[in-house]
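In what follows, a single structure is set out as structure tokens and then discussed.
No experiment lies behind these values; they were computed from the predicted model shown.
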Amino acid sequence: MSTTDTLPPAGLFRRLGALFYDGLIIIAVEMMAAGIVIAVLHALMALGIFNIGGFEDVSDFLTNHPIWSPVYTAYLAFVWIYFFVFFWTRAGQTLGMRAWKLHLRSNDGRPVSVTQALIRIGTSGFGLANFTVPLDPQKRGFHDIWAKTQVVVLPKAN
């Protein structure tokens, strides 16, 4: 039995703290992702390769175009999902989870798979699934139950 088997499950407030931190990071990452698209489209306009047609500006084009608006939204959703899948599968922690000393793992103690991470995101309800933590005897969120994962509190560093 390893030391990670005896780690306590994370409670609601610690999870919400990490979610808040990650929310701030995601906002910044999404702003950079959107800024890259807008900068590329402006550069293409300056080169005469791209024309926004009857739209007011690039932002209006990306928001209201019948084809490119869903593509742009899907791109931003992909960036958001990739952020969590990348960190959960690589280190078991996002940056917010690291700050709050939380670690995500499979119920058997192994690292989280991509499938588990995607199930966890799909059932999280943008973090609302954490509100089931106080109701579960094992302190699991709805998304943890579905993905067969658990969030534990890491010990303090010596």
Indicate every side-chain donor-acceptor pair of residues 16-24 with a distance under 3.5 Å to a residue at least two apart or in another chain.
from, atom 1, to, atom 2, distance (Å)
D22, OD1, T94, OG1, 3.0
D22, OD1, G96, N, 2.7
D22, OD2, T94, OG1, 2.4

Is there a path of hydrophobic side-chain contacts, each under 4.5 Å between heavy atoms, that joins [X] and [Y]?
X    : Y    : value
F131 : L104 : no
Y75  : I38  : yes
V152 : L95  : no
F83  : L118 : yes
V151 : L128 : no

For F84, which of W88, F87, Y82 qualifies under side chain to side chain contact (heavy atoms under 4.5 Å, CB included)?
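With F84 as partner, W88, F87, Y82 yield a single side chain to side chain contact (heavy atoms under 4.5 Å, CB included), made by W88.
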Per side chain to side chain contact (heavy atoms under 4.5 Å, CB included), V58 is matched among V37, L41, L44 by L41
Is the side chain of Q93 donor-acceptor paired with the backbone N or O of H103 at a distance under 3.5 Å, no angle test? no
Would a distance-only check, ignoring hydrogens and angles, find a side-chain to backbone donor-acceptor pair under 3.5 Å from T63 to D60? no
Checklist line | More than 12 heavy atoms from other groups under 6.0 Å of CH2 on W68 | finding: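 No, CH2 of W68 has 12 or fewer neighbouring heavy atoms, counting only those of other groups under 6.0 Å.
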Begin from the C-alpha positions of Q116 and S106 and carry the test side-chain contact (heavy atoms from CB on, under 4.5 Å) through to its verdict.
-> CA-CA 8 Å; Q116 286 177 302; S106 296; 2.8 Å; yes
### Query
Is P155 close to L7 at the side-chain level, that is, under 4.5 Å between some pair of heavy atoms?
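L7 reaches P155 side chain to side chain.
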Point to revise | Side chains of N130 and H143 in contact at under 4.5 Å (non-hydrogen atoms) | key: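 SC-SC contact between N130 and H143 confirmed.
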Could you measure the distance from the [atom1] atom of [X] to the [atom2] atom of [Y]? Nearest 0.5 Å is fine.
X    : Y    : atom1 : atom2 : value
M45  : I52  : CE    : CD1   : 4.5 Å
M97  : L102 : CE    : CG    : 5.5 Å
N64  : E56  : CG    : CD    : 10.0 Å
R120 : W146 : CZ    : CH2   : 15.0 Å
I145 : D136 : CD1   : CG    : 4.5 Å
T132 : L12  : OG1   : CG    : 9.0 Å

Note to self: Taking the basic N atoms (NZ, or NE/NH1/NH2) and the acidic carboxylate oxygens, is any pair closer than 4.0 Å for R15 and D144?
What the structure shows: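 Between D144 and R15 there is a salt bridge, with a charged N closer than 4.0 Å to a carboxylate O.
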>> Just checking F126 against W80, ring centres under 6.0 Å apart?
In response: yes
Tell me whether the centres of the aromatic rings in F50 and F61 are closer together than 6.0 Å.
yes
For the residue pair [X] and [Y], what are the closest heavy atoms and their distance?
X    : Y    : value
I119 : T123 : O-OG1, 2.8 Å
A34  : L76  : N-CD2, 4.1 Å
V112 : A117 : CG1-N, 3.7 Å

Check your understanding: With a 3.5 Å cut-off and no angle check, do the side chains of R105 and Q150 form a donor-acceptor pair?
Key -> yes
